[in-house]
Amino acid sequence: MKRVAILISGGGSNMVKLVESMTGDHPARPCLVLANSEDAGGLKKAGEMGVATAWVDHKHFKGDREAFEKQLISVVDAQKPDIICLAGFMRILTPFFINHYEGRMLNIHPSLLPKYRGLHTHKRALEAGDTEAGCTVHEATAELDDGPILGQAQVPIEPGDTPETLAARVLKKEHQLYPAVLRRFAEGNRKRIEL
Ligand code: GRF
């Protein structure tokens, strides 16, 4: 049975869907939900679902990224995870952390990579006049929002869309895509999923 640690920063809606998906004949189970602040809403939800939780506040490390990441690693590795899922985790991770989990860390990004790496993806897609948007699950590598793509889901951009209405449409797809990719990844299958 593979053990999955999930890193969050906020409400953790993707984390909830991942945890809910790991039941029955699914080859993985959640072993930890970790946040970079004590008041991340997802910690309470994870606790209610019976998953071990922890938090490491990046503000306690005053910009010393490596010290923060060393503490993250010690808390995560205490649960002996096989796979790490970044799910709405909003801290940039340095190669130090990335290399430690090389080949077994996933991330979800709210755009059709390689378009719109970084932030404000929906606003940028709307400003560019795109007719479609979506989300991508990829292996996390040292390059921000790069790495081998494991799955993508597309949504149409509708007339009158705002970044908020588009984000809500994409988030629904994220909640389908990430659990599907995680299951396949936990089975050792890296064939890309297109939703
Ligand atoms: C989502 O848009 C996700 O794509 C991005 O963080 C946002 C919030 O995710 N990575 P969640 O609701 O905290 O899972």
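Order of appearance sets the numbers: ligands from 1, and atoms from 1 within every ligand.
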Exercise. How does the hydrophobic cluster around Val56 look, that is, which other residues are in it when side-chain heavy atoms under 4.5 Å mark a link?
Worked result: Leu7, Leu32, Leu34, Phe61, Phe68, Leu72, Ile73, Val75, Val76, Ile84, Leu86, Phe89, Leu93, Phe96, Phe97, Ile98, Tyr101, Met105
Exercise. Going through the distances and angles, do Asp146 and Thr141 end up as a side-chain hydrogen bond (donor to acceptor under 3.5 Å, both in side chains)?
Worked result: CA-CA 6 Å; Asp146 196 2; Thr141 58; 5.0 Å; no
For this session: Evaluate the criterion side-chain hydrogen bond (donor to acceptor under 3.5 Å, both in side chains) for residue pair Glu69 and Thr94; output intermediate values, then yes/no.
Result: CA-CA 8 Å; Glu69 293 181 352; Thr94 73; 2.5 Å; yes
Check: every ligand 1 N/O to protein N/O pair under 3.5 Å:
unit_1: ligand 1; atom_1: 2 (O); unit_2: Glu174; atom_2: OE2; d: 3.3
unit_1: ligand 1; atom_1: 4 (O); unit_2: Glu174; atom_2: OE1; d: 2.8
unit_1: ligand 1; atom_1: 4 (O); unit_2: Glu174; atom_2: OE2; d: 3.1
unit_1: ligand 1; atom_1: 10 (N); unit_2: Ile108; atom_2: O; d: 3.3
unit_1: ligand 1; atom_1: 12 (O); unit_2: Ser13; atom_2: N; d: 3.2
unit_1: ligand 1; atom_1: 12 (O); unit_2: Ser13; atom_2: OG; d: 2.6
unit_1: ligand 1; atom_1: 13 (O); unit_2: Gly12; atom_2: N; d: 3.1
unit_1: ligand 1; atom_1: 14 (O); unit_2: Ser13; atom_2: N; d: 3.2
unit_1: ligand 1; atom_1: 14 (O); unit_2: Asn14; atom_2: N; d: 2.8
unit_1: ligand 1; atom_1: 14 (O); unit_2: Asn14; atom_2: ND2; d: 3.0

Problem set entry | Residues that, via side-chain heavy atoms closer than 4.5 angstrom, fall in one hydrophobic cluster with Leu119 | Met90
For this session: Mind jotting down which residue pairs meet the side chain to side chain donor-acceptor pair (under 3.5 Å) criterion with at least one end in residues 176-190? Sequence neighbours excluded, please.
Result: Asp25-Arg183, Glu139-Arg190, Arg183-Glu187
Exercise. What is the minimum heavy-atom distance between Arg169 and Ile157, and which atoms define it?
Worked result: NH1-CA, 4.1 Å
